[in-house]
Amino acid sequence: MLDVELIRKDPEKVKDGIAKKNVDTSVVDEFLSLDKSWRELVKSTDEKRALLNKFSKERNIEEAKKVKEQIKSEEARLPELEAQRLKTLRSIPNLPLPEVAVGKDARENKTLREVGEKPKFDFPAQDYVELSEKLDLIDTARAAKVSGSRFGYLKHEAPLLEFALIQLALNLLTSEKEIGKLIKANKLNIPAKAFIPVIPPVLIKPEAMQAMGYMERGGDEIYQIEKDQLYLVGTSEQSMGPMHMNENFQKDSLPHRHIGFSTCFRREAGSYGKDTKGILRVHQFDKLEMFVTCAPETSQDEHKLLLAIEEKLMQMLELPYRVLDICSGDLGDPAAAKYDIEVWLPGQNEGSGQYRETHSASNTTDYQARRLNVKIRPDNIYVHMLNGTCFAIGRILIAIIENYQMKDGTVKVPKALQQYLNFKEIKR
RNA sequence: GGUGGGGUGGCUGAGUGGUCUAAAGCGCCGCUCUCGAAAAGCGGUGGGCCCGAAAGGGCCUCGUGAGUUCGAAUCUCACCCCCACCGCCA
């Protein structure tokens, strides 16, 4: 949600911003018109209510009754007008930061850097689907029998790798020293504070889901438990964001850095026929997600920290990746800036390889905070909120399997994970 | 799932239809006193919205929403949450 004052005072700035996101600028005028009618009605009923209070105090019951009737009829229009105004306001996306490159869509995202060496095989690289079938790491066929399409059983070393990945990530993120090192290396002006590990609820109330803005767009993506009026989270961001809903933070207690682990549930409603094989796109997967609440002036540095952490972990796993600076047209509604990481998957594309998204880090500035009503005391301004993928486990497993495959169909374990495992290669 | 109790400002807590414009205490801020601090005294201390250049004015807000009434923290209904006990349970 944007600041209403900004839209009123500088509608052209808002239009410019959302135009960069390819959003029809007429919503701004639509909002201003609704806002005007709403304000007039509120003013009028407030004045009448003042009169009612006056008569009531004087025990002038006759006059009070008359005014009350007037208010009643006038107010009848209010709920609908209010709802429309709010709906329109909420449909206006966050404005891109000035630093964000203007571009139409994903094709205009800028590659900031490619890091790591793509593996060179003296044999045809295999797809992780074939490899994991032979090694019995992923069983989607039986999962289909039990749960339907887009589910999988992770078996043998796969779950162990998952737990090792979690250990690796949590050891890094919960270490004040390690976070401090990354901050220093990137010349960021933010405190060296560790991430607080969180296992959040995965079932959340409609209010919480709504407050995060996932209901109007992407509502089809969400699993709903109708009988109990609860929703399954598609990412722990949806559960960690509302954690501090309607709260105030002392300025010196910020930033709050959280690292949440949860299973994520997605209906994948709009993706029929897309990535249907394997576990690249499934209804259920586990994910470590970073969520930061901070003072406004620090959010851009916090954003860089999230990216630095993501890259550090990829480097520790020695997985080749590239970093994309997402252009204005490819930003989601709440994002003011976003970096993606794509991992190199040598087995895709008939063995000639392909980059696929594994991480995404967004700065939503005060857009989510305003809606969640999370403020800084005593300044009484909204916090900034950021979120970033730490590990989407399934996709990292895919990346390991494809990048560490051997000629004989076995898979090596990345060095960084070996300390958490009692095997160094996966074979059957 | 059942029974009972409860949700009041940053915190504790009073308040059962009209000076509630919410007592009191704690905390916080300012001032006086002091070389400084503490103590004491005095004053001020939530948020949202509307009008206004500002000063200021108005409306809303006692868990949430509806209702009764000229008037609701207070009465009615629904919902949410917390606590206690019983049942069930990893």
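Here is how names work: the chains are called A, B, and so on, in the same order as the sequence lines, proteins then strands, and each is numbered from 1.
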Mind telling me whether A:His283 and A:Phe151 have parallel, tilted or perpendicular rings, with 30° and 60° as the class edges?
tilted
Closest non-hydrogen atom pair between [X] and [Y], with its separation:
X	Y	value
A:Pro11	A:Lys9	CD-C, 3.5 Å
A:Asp333	A:Lys21	O-NZ, 3.1 Å
A:Arg395	A:Glu357	NH1-O, 2.9 Å

Given atom [atom1] of [X] and atom [atom2] of [N], what is their separation to the nearest angstrom?
X	N	atom1	atom2	value
A:Lys43	B:C60	NZ	C1'	18 Å
A:Lys65	B:C70	NZ	P	5 Å
A:Arg49	B:U21	CZ	P	15 Å
A:Phe249	B:G10	CZ	P	15 Å
A:Met243	B:C81	CE	C1'	18 Å
A:Asp46	B:C60	CG	P	7 Å
A:Arg370	B:G47	CZ	P	17 Å

Given [N], is OP1 or OP2 found less than 4.0 Å from the side-chain N or O atoms of [X]?
X	N	value
A:Asn53	B:G71	no
A:Lys48	B:G58	no
A:Arg39	B:C59	no
A:Lys68	B:G71	yes

CD1 (A:Ile426) and NZ (A:Lys134) are apart, to the nearest 0.5 Å, by 14.5 Å
When the [atom1] atoms of [N] and [M] are considered, how many whole Å apart are they?
N	M	atom1	answer
B:A72	B:U68	P	12 Å
B:G10	B:A66	C1'	31 Å
B:C79	B:G7	C1'	14 Å
B:A40	B:C51	P	46 Å
B:G71	B:U21	C1'	15 Å
B:A84	B:G67	P	36 Å
B:G15	B:G56	P	36 Å
B:A24	B:C42	P	12 Å

Would you list the protein and nucleotides 16-18 of chain B atom pairs, both N or O, that sit under 3.5 Å from each other?
| unit_1 | atom_1 | unit_2 | atom_2 | d |
| --- | --- | --- | --- | --- |
| B:G18 | O2' | A:Arg59 | NH2 | 3.1 |
| B:G18 | N9 | A:Arg59 | NH2 | 3.4 |
| B:G18 | N2 | A:Ser56 | O | 3.2 |
| B:G18 | N3 | A:Arg59 | NE | 3.3 |
| B:G18 | N3 | A:Arg59 | NH2 | 3.4 |

*Any side-chain heavy-atom pair from A:Gln284 and A:Thr263 closer than 4.5 angstrom?*
yes
Tell me the partner of [N], counting only Watson-Crick (N1-N3 plus N6-O4 or O6-N4) or G-U wobble (N1-O2 and O6-N3) with both under 3.5 Å; none if nothing fits.
N	result
B:A40	B:U32
B:U16	none
B:A66	B:U76

Among B:C70, B:C50, B:G58, the one nearest any side-chain atom of A:Ala50 is B:G58
Q. Does anything in residues 287-314 of chain A pair up under ring-ring contact (aromatic ring centres under 6.0 Å, His included), and if so which pairs, sequence neighbours excluded?
A.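 Matches after skipping sequence neighbours: A:His303-A:Tyr339.
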- Which residues satisfy the side-chain contact (heavy atoms from CB on, under 4.5 Å) test with A:Met406, sequence neighbours excluded?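 So A:Met406 forms a side-chain contact (heavy atoms from CB on, under 4.5 Å) with A:Asp408, A:Thr410, A:Lys412.
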